[in-house]
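In listed order, ligands and their atoms are each counted from 1. Reckoned from all heavy atoms, side chains included, excluding hydrogens, waters and symmetry mates.
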Amino acid sequence: MNQDLYREFKQLFDKKAANAYFSPGRVNLIGEHIDYNGGLVMPCAITFGTYILVAPNDDMVFRFRSLNFDEKLDIPVQAGYVKTGETWYNYPLGIIDYFIKAGNEISGLDLLFYGDIPISSGLSSSASIEVATAYLLNDLFDIGYSKLELVQLSKEVENKFIGVNCGIMDQFAVAFGEKDKALMLNCDTLEYKAVDSNLGDYCLAIVNTNKPRKLAESKYNERVQECQQALKSLQQELDIQNLCDINESLFDKYKHLITDPIVLKRATHVVQENDRVKLAAFALADGNLVDFGQLMYASHDSLKNLYEVSGRELDAIAEYGKTNPDVAGARMTGAGFGGCGIALVKETGFENFKQGMMDYYTTKIGYAPSVYQSAIGDGVGILKQLENSGI
Ligand code: GLA
């Protein structure tokens with residue numbers, strides 16, 4: 001693929017690319033809708049992601065091209081930008097806007113993007129393109145932001161420029177991911193540990209519902225707002241900054257303060273899910289995939305019944321998992337409302353799982369899912385200095 005990209009770049013811009021960057025997507029093993037509540041999450045980077053090839057130009061213009069989308073943009077370097085429509089280039093444009101407004105000297109660039117993360121699949125294609133662009137600008141213009149600052153500014157762009165009030169998990173995972181490691185991230189303190197993913201004779205499967213995610217952004221923001229409401233109610237008597245500052249037994253003593261039944265359901269999910277991540281971390285450290293899998297199923301049920309972000313397509317993935325003895329656990333991953341599920345599957349049973357899942361899902365939903373065996377990969381980085389490569 002790399003060689004093809006370099007050739008495409010040369011054809012499009014009539015010159016060689018100077019540098020190439022890659023940022024992965026992510027899956028979250030457990031800890032869903034927790035990051036914006038200041039709790040624990042356990043994501044890992046995958047090997048699908050976003051590639052960007054770039055060369056500076058002397059025209060003081062940014063030229064955005066993509067191999068995934070027809071829409072392109074040529075826009076002069078200027079004092080700032082606003083989001084236009086729902087096009088893919090809003091993400092890199094938002095990052096450039098941030099860098100310029102922060103007072104960094106940026107000059108014209110020719111940019112070619114290519115992603116192999118299925119779009120709108122809940123595998124964080126947006127965090128991937130944001131972090132890749134931020135990393136690229138930081139590197140090319142020698143700006144000196146730390147990786148954590150790149151993560152934080154990418155999240156800010158998603159919140160303010162794009163308008164999704166996401167937490168920090170996705171940007172963090174795609175930046176700090178490590179091959180064969182899961183990240184145990186405390187979203188309040190941003191302390192993290194890269195732990196051996198320790199899957200033994202199991203492997204990680206990704207099942208894409210192939211359901212277009214409609215209304216996902218507005219529903220997501222609604223959940224964020226419901227959690228803020230729950231926190232406010234608890235703060236009447238508890239001195240806490242985040243819903244995840246309390247465990248379930250303390251929550252039980254104070255949950256009467258939350259009078260709206262829907263908001264109570266949301267908060268119950270958050271507090272219990274955060275506790276589940278702690279148990280999942282122990283299970284993973286012990287290589288106890290059976291316990292880990294049970295926690296995945298419990299997480300899914302809670303996202304279905306209490307947080308109400310699943311749907312019949314994602315539910316079908318967890319349902320099928322329970323019928324297959326080679327599956328330790330399965331759940332939706334990411335924001336929900338369509339997108340992907342994950343499953344822990346005995347490596348020797350993967351092909352059988354894939355066929356069984358395809359059949360079950362297709363019969364139930366009416367169209368086929370996509371099923372992949374996923375490797376856990378590294379976070380963002382430069383691919384290669386191309387200057388003298390001759391391509
Ligand atoms: C999306 C958001 C993340 C996180 C997950 C749910 O992926 O971007 O910040 O909230 O949903 O866990």
Side-chain angles (χ1 to χ4, degrees), residues 23-46 48-50 90-91 94 117-131 151-177 182-188 190 192 206 208-209 213 215-228 231 242-244 266-267 269-274 276-277 280 295-296 299-300 302-304 306-311 314 331-342:
S23 178
R26 66 96 190 87
V27 293
N28 186 19
L29 297 180
I30 194 158
E32 217 63 86
H33 288 277
I34 286 296
D35 57 353
Y36 53 86
N37 289 301
L40 298 166
V41 295
M42 205 192 282
C44 41
I46 55 179
F48 302 111
T50 310
N90 280 316
Y91 296 98
I117 309 174
I119 309 292
S120 254
S121 62
L123 299 177
S124 288
S125 55
S126 49
S128 176
I129 190 171
E130 286 156 3
V131 170
V151 166
Q152 287 166 321
L153 73 87
S154 297
K155 172 185 178 285
E156 192 171 324
V157 167
E158 181 84 38
N159 294 161
K160 298 199 177 137
F161 194 89
I162 304 295
V164 178
N165 294 326
C166 68
I168 204 157
M169 171 174 76
D170 300 348
Q171 288 80 7
F172 197 98
V174 307
F176 285 93
L183 304 181
M184 268 296 291
L185 169 66
N186 179 324
C187 298
D188 182 29
L190 298 185
Y192 83 103
I206 298 181
N208 187 349
T209 60
R213 292 203 306 160
L215 286 178
E217 295 186 358
S218 59
K219 289 274 173 212
Y220 183 91
N221 286 348
E222 187 182 290
R223 294 295 178 278
V224 174
Q225 197 268 324
E226 286 164 346
C227 289
Q228 284 163 356
L231 176 63
N242 302 293
L243 275 185
C244 292
R266 309 299 189 238
H269 162 76
V270 169
V271 171
Q272 292 179 345
E273 178 81 351
N274 193 47
R276 266 190 292 273
V277 180
L295 292 161
M296 289 172 78
S299 167
H300 184 88
S302 177
L303 289 156
K304 174 184 173 193
L306 296 177
Y307 218 66
E308 297 179 283
V309 291
S310 183
L314 288 167
R331 59 183 290 274
M332 54 157 279
T333 190
F337 316 104
C340 285
I342 51 171

Using a threshold of 4.0 angstrom between heavy atoms of the protein and any atom of ligand 1, which residues qualify? R26, E32, H33, D35, Y36, C166, G167, M169, D170, Y220, G334, A335
Mind listing the closest non-hydrogen atom pair of V309 and A335 along with its distance? CB-O, 3.6 Å
Results of salt bridge (charged side-chain N to carboxylate O under 4.0 Å, His left out) for E156 - residues two or more places apart only: K160
Check side-chain hydrogen bond (donor to acceptor under 3.5 Å, both in side chains) between E222 and all other residues, then give those that pass, not counting sequence neighbours. none
Report all side-chain donor-acceptor pairs from residues 34-42 shorter than 3.5 Å, counting only partners two or more places apart or in another chain.
| unit_1 | atom_1 | unit_2 | atom_2 | d |
| --- | --- | --- | --- | --- |
| D35 | OD2 | I168 | N | 3.3 |
| D35 | OD2 | M169 | N | 3.0 |
| Y36 | OH | H33 | ND1 | 2.7 |
| Y36 | OH | Y307 | OH | 2.6 |
| N37 | ND2 | H33 | O | 3.1 |

So does L314 get a backbone contact from the side chain of R331, meaning a donor-acceptor N/O pair under 3.5 Å? no
Nearest heavy atoms of A175 and V131, plus distance in Å: CB-CG1, 4.0 Å
